[in-house]
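In what follows, every chain begins at residue 1, and chains take the letters A, B, ... in the order their sequences are listed.
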Protein chains: 2
Amino acid sequence: MTPDLTRNQSLVMKTLSGAEAPLSAYTILDRLRDDGLRAPLQVYRALDKLLDMGLVHRLESLNAFVACAHPHTHEQELIAFAICENCGKVEEFSDEVVKERLDGWAKSHRFRAAKTTIEIRGDCGGCEAKG
Amino acid sequence: MTPDLTRNQSLVMKTLSGAEAPLSAYTILDRLRDDGLRAPLQVYRALDKLLDMGLVHRLESLNAFVACAHPHTHEQELIAFAICENCGKVEEFSDEVVKERLDGWAKSHRFRAAKTTIEIRGDCGGCEAKG
DNA sequence: AAGGATATGTAATGTCATAACATATTGGCC
DNA sequence: GGCCAATATGTTATGACATTACATATCCTT
Ligand SMILES: [Zn+2]
Ligand SMILES: [Zn+2]
Ligand SMILES: [Zn+2]
Ligand SMILES: [Zn+2]
């Protein structure tokens, strides 16, 4: 069972869910000033918990955060992100073959993987279409 | 033909080549104080060029840089990094199947990939062996 | 009600990266 | 050699991202 969210966690989650693109912690903070948030730590602490719960992902190449597009569906699987550098939209996907290949490399090199990041930067179909 | 490196580029390259683990720009700067470097920008500018030349890679999940382990050998291929969170060592590898799968996803979603990041964080064989 | 665990508030600081502007060096061309 | 443009360098200030440290409040179990 997913635990209930605290006030700050709810505020941060709502902000990310309503966003079209990834947001930095400081942008989230700015959008929550009217709700009483004042300091970066209030956001970072909420983000930490939301990351633990799998409701939010961190995009390493952007230093920003997105709401998970498929909560509860990727328990153990590998997640990849396609990030449009033009409109900012992010697509989440997973590929079993990619996971198998990376697991295979790790196993053959005695590497114990804790977390894997896959991020593709480029231009999405919507943006390409518009030229 | 690879262009010759300038003074600052050489200094930064030498520092990275001699390092056991990825270094942040500011750590590189600290190690080059005695050689006359004073400001972050001197390092960042050198890094930009070295990245362009493919002699250095940036690790997004670490905000740090490593010397390329196989210069000139990965022209267009996808590079993955296995990063030990214990000893800091980084292994570079590539996998044609992974590349094909990600290319396939991109093609089917009309996504034009510009740069792909794959970083596996965990513990390397050497560290596992020691417990 | 007591006490521990969890959540929150706040200030200060640390870490990573770039903008803006001045000066110096390099290298082709006449 | 002298000129000019391109490239590289030096320096200061500032912006952007993240954490440490400490105080207070709230929740939950006993
Ligand atoms: Zn997700
Ligand atoms: Zn787009
Ligand atoms: Zn390389
Ligand atoms: Zn190790």
Using whole Å, what does the distance between atom [atom2] of nucleotide [N] and atom [atom1] of [X] come to?
X       : N      : atom1 : atom2 : value
B:Arg38 : D:dT12 : CZ    : P     : 9 Å
A:Arg45 : D:dC17 : CZ    : P     : 20 Å
B:Leu11 : D:dA8  : CG    : P     : 15 Å
A:Asn63 : C:dG14 : CG    : C1'   : 15 Å
A:Asn8  : C:dT6  : CG    : P     : 17 Å
A:Gln9  : C:dG9  : CD    : P     : 12 Å
B:Leu62 : D:dC17 : CG    : P     : 18 Å
A:Arg7  : C:dT6  : CZ    : C1'   : 17 Å

Would one find a side-chain N or O of [X] under 4.0 angstrom from OP1 or OP2 of [N]?
X       : N      : value
B:Thr6  : D:dA8  : no
A:Gln42 : C:dT8  : no
A:Tyr26 : D:dC17 : no

Per A:Lys49 side chain, nearest of listed nucleotides C:dA7, C:dT10, D:dC17: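 Selected nucleotide: C:dA7.
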Side chain of B:Leu41 (C-beta onward), nearest among C:dC16, D:dA18, C:dA19: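 Given the options C:dC16, D:dA18, C:dA19, the side chain of B:Leu41 is closest to C:dA19.
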Parallel, tilted or perpendicular, as decided by the 30° and 60° cut-offs, for the rings of A:Tyr26 and A:Tyr44: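 Answer is perpendicular, since the angle exceeds 60°.
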Sugar-phosphate, base or nothing in reach of B:Ala25, heavy atoms under 4.0 Å: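 Answer is nothing: B:Ala25 stays at 4.0 Å or more from every strand.
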Validation row, ring centre B:His57 to ring centre B:Phe81 under 6.0 Å: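 Aromatic pair counts; centres sit under 6.0 Å.
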Intermediate values then yes/no, side chain to side chain contact (heavy atoms under 4.5 Å, CB included), A:Val56 and A:Val66: CA-CA 6 Å; A:Val56 161; A:Val66 283; over 6 Å; no
Nearest-nucleotide comparison on DNA chain D, the residue closer to the 5′ end among B:Ala39 and A:Ala64: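 Comparing both residues, the 5'-ward one is B:Ala39.
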No-hydrogen, no-angle side-chain donor-acceptor test under 3.5 Å, B:Glu60 and B:Thr117: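 No, because no side-chain N or O of B:Glu60 sits under 3.5 Å from a partner of the opposite role on B:Thr117.
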A:Arg121 and A:Ser61 side chains, donor-acceptor separation under 3.5 Å: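 Result is yes, a qualifying pair exists.
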